[in-house]
2 protein chains.
Amino acid sequence: MEHKLREFFDNALKEVSLDCTVFGFHEGELKVLLLRWKGTEEWSLPGGHILLDESADDAAGRILSQRTGLSDVFLQQFYTFGNVNRYVYHPEKELLEKLEATFGKGFFDGIIFRRTVSIGYFALVEFAQVQPTPDWFTDECRWWSLAEVPRLLFDHNEMIERALKALRQRIRNQPVGYNLLPEKFTMPELQRLYETILDRPFDRRNFQKLLMSYDILERLEEKRVGAANKSPYLYRFVKEKYDRAGLEGISFSM
Amino acid sequence: MEHKLREFFDNALKEVSLDCTVFGFHEGELKVLLLRWKGTEEWSLPGGHILLDESADDAAGRILSQRTGLSDVFLQQFYTFGNVNRYVYHPEKELLEKLEATFGKGFFDGIIFRRTVSIGYFALVEFAQVQPTPDWFTDECRWWSLAEVPRLLFDHNEMIERALKALRQRIRNQPVGYNLLPEKFTMPELQRLYETILDRPFDRRNFQKLLMSYDILERLEEKRVGAANKSPYLYRFVKEKYDRAGLEGISFSM
DNA sequence: CCAAAAGTGTTTTTATTACACCCATGA
DNA sequence: TCATGGGTGTAATAAAAACACTTTTGG
């Protein structure tokens, strides 16, 4: 296995890594996918290295697909982290000791590099579709509510902060939701997604008016039943129109 | 000299480079700074590598300062270029041959790397303040009008395109101009800057109204004289207010 | 029958756009 | 004196925000 890893690095960029902030939406909360490193209580974002014959975007897709089981996810680069002190919360020695206890002494020689720059990606995924899967360095992969994210390894807390900013920026120029919600959803659910991402309330009537004005949503005959209240209509995105709106840009200015 | 270069690379990241699109504004046109490679007619953006003890932002500042003589310029990362085929317009063999004719055969072994990822920065500078200065690989550094930029080495045409998009994006959320104009300027000059960047005309009265509403500009008593028309007032940015507006964000929505 | 949440339009306010005449300057 | 470009305000239109009552549902 060690052998396989070294082989991987022979075919990969060493000084460049890549980390993904994977956003999901569940029970009215934004969540991110985190990994716990083998033999430790330390968490980090999913990430990895770029193969020599692979673009950065392809690498991000590959890594994401390995951690979630999904392909063709919404995935976008948002910032490249190039500080010298990116490892400030790298309990450098202690972490290495713990990991060597698990992986064997000297295992990381030639795998942990003197300095790396990391390209930050964020992904939007449908919570229920994800099969969180740890990688070879980690033994747990699970969702965390944004508010409960612990202190992470490296500069990964900063990465999440910036990813969230990028998402908030994006939501004002492009529709968001297709990737985060199940195929059919209600208007109040979509509204809660927007309220969660932007962390502020909207007026129901104005919200519906604005979203419908983009002409990317289709209201279905079906309603969601089961709650002790009036059954809300179900909607779905019209993919072609949604994609077109994404390219041409919208102005969500509430 | 070769020695010095190799020494540099011993202390620098090899798989990561960095390229700057430097925007200036002169005679009503946006210009970018380009370099011509020694012994060739090939042009590229100014760029370089990151030292091991230097952040990516610091490296960009260093490189920019070497090419322009300026320090403390507005400089911002906008995208990281990670395609495998970044060298498509790298007339790979021909360029290398020409360069080896200048620098000596085998000179580039160990300096041109199997694969690099490049962090794109864009800079806004005051045209008249710049002292264009070639680097060690190039023998000419000069301004080019955006419209006249030739086919560049590597993926640098794409970089400029994306940099311009980033600038256009930025101009709608943050004031731009402090870095591109001389200290004192007229309202029509500022308007022409906006018109040039966004490539569309504005109404004079509405433009002035909106810009003044941000409360970042001060109208001076002085006027610009010399033209065969009514002398326009001079304005200047109030730095503290300009910076605050930059942090808090404005909405330029004309 | 009650609590909970969804459906629905109109008015007010604010922001954006369109538009034209006079004035100062240098040649 | 004339051509050029700058200074200035108001009215019309469009967009955003505020706002409340009725309906349906399950318990």
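Values in this document were obtained by computation on a predicted structure and should not be read as measured data. Every chain is numbered from 1, with letters handed out A, B, ... down the list of sequences.
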What donor-acceptor contacts under 3.5 angstrom involve side-chain atoms of residues 173-183 of chain B, with partners at least two apart or in another chain?
unit_1	atom_1	unit_2	atom_2	d
B:Gln174	OE1	B:Arg170	NH1	2.9
B:Gln174	NE2	B:Gly246	O	2.4

For DNA chain D, which residues in residues 191-201 of chain B have a heavy atom at a distance below 4.0 Å? none

Separation between OH (A:Tyr235) and CG (A:Leu190), nearest 0.5 Å, reads 9.5 Å

Nucleic acid contacts of residues 202-211 of chain A, taken as heavy-atom distances under 4.0 Å to DNA chain C: A:Arg204, A:Arg205, A:Gln208, A:Lys209

Sequence neighbours left out, what passes salt bridge (Lys or Arg N to Asp or Glu O under 4.0 Å) with B:Asp135? Give chain and number order. none

Outermost contacting nts on DNA chain D, any atom under 4.0 Å from chain A heavy atoms, listed 5' then 3', are D:dA16 to D:dG26

Within residues 216-235 of chain A, those residues having any heavy atom closer than 4.0 Å to DNA chain D are A:Gly226, A:Ala227, A:Ala228, A:Asn229, A:Lys230, A:Ser231

Is the shortest distance from a Lys or Arg side-chain nitrogen in A:Glu42 or A:Arg151 to a carboxylate oxygen in the other one below 4.0 Å? no

Can you sort out the partners of B:Lys241 under salt bridge (Lys or Arg N to Asp or Glu O under 4.0 Å), two or more places apart, ordered by chain and number? B:Asp215

Using a 4.0 Å heavy-atom cut-off, does A:Met187 contact any base of the nucleic acid, only the sugar-phosphate backbone, or nothing at all? nothing

Considering residues at least two apart in sequence or located in another chain, which fulfil the salt bridge (Lys or Arg N to Asp or Glu O under 4.0 Å) criterion with A:Glu140? A:Arg36, A:Arg142

Judged by atom type as modelled, is there a donor-acceptor pair below 3.5 Å linking the side chain of A:Asp203 to the main-chain atoms of A:Arg205? yes

Please output the side-chain donor-acceptor pairs of residues 121-131 of chain A that fall under 3.5 Å, not counting sequence neighbours, one pair per line with the distance.
unit_1	atom_1	unit_2	atom_2	d
A:Tyr121	OH	A:Asp57	N	3.3
A:Tyr121	OH	A:Asp57	OD1	2.5

If the condition is side-chain contact (heavy atoms from CB on, under 4.5 Å), which residues does B:Leu220 pass it with, not counting sequence neighbours? B:Lys184, B:Glu218, B:Glu222, B:Leu234, B:Arg236

Which residue pairs satisfy the ring pair (Phe, Tyr, Trp, His ring centres under 6.0 Å) criterion with at least one member in residues 210-230 of chain B, sequence neighbours excluded? none

Pick one: which of A:Trp144, A:Phe154, A:Trp143 meets ring pair (Phe, Tyr, Trp, His ring centres under 6.0 Å) with A:Trp43? A:Trp144

A:Arg168: what forms a salt bridge (Lys or Arg N to Asp or Glu O under 4.0 Å) with it, not counting sequence neighbours? none

Using a heavy-atom cut-off of under 4.0 Å over every strand shown, decide if B:Thr186 touches base, sugar-phosphate, or nothing. nothing

Determine, using ring centers only, whether A:Phe25 and A:Phe23 are less than 6.0 Å apart. no

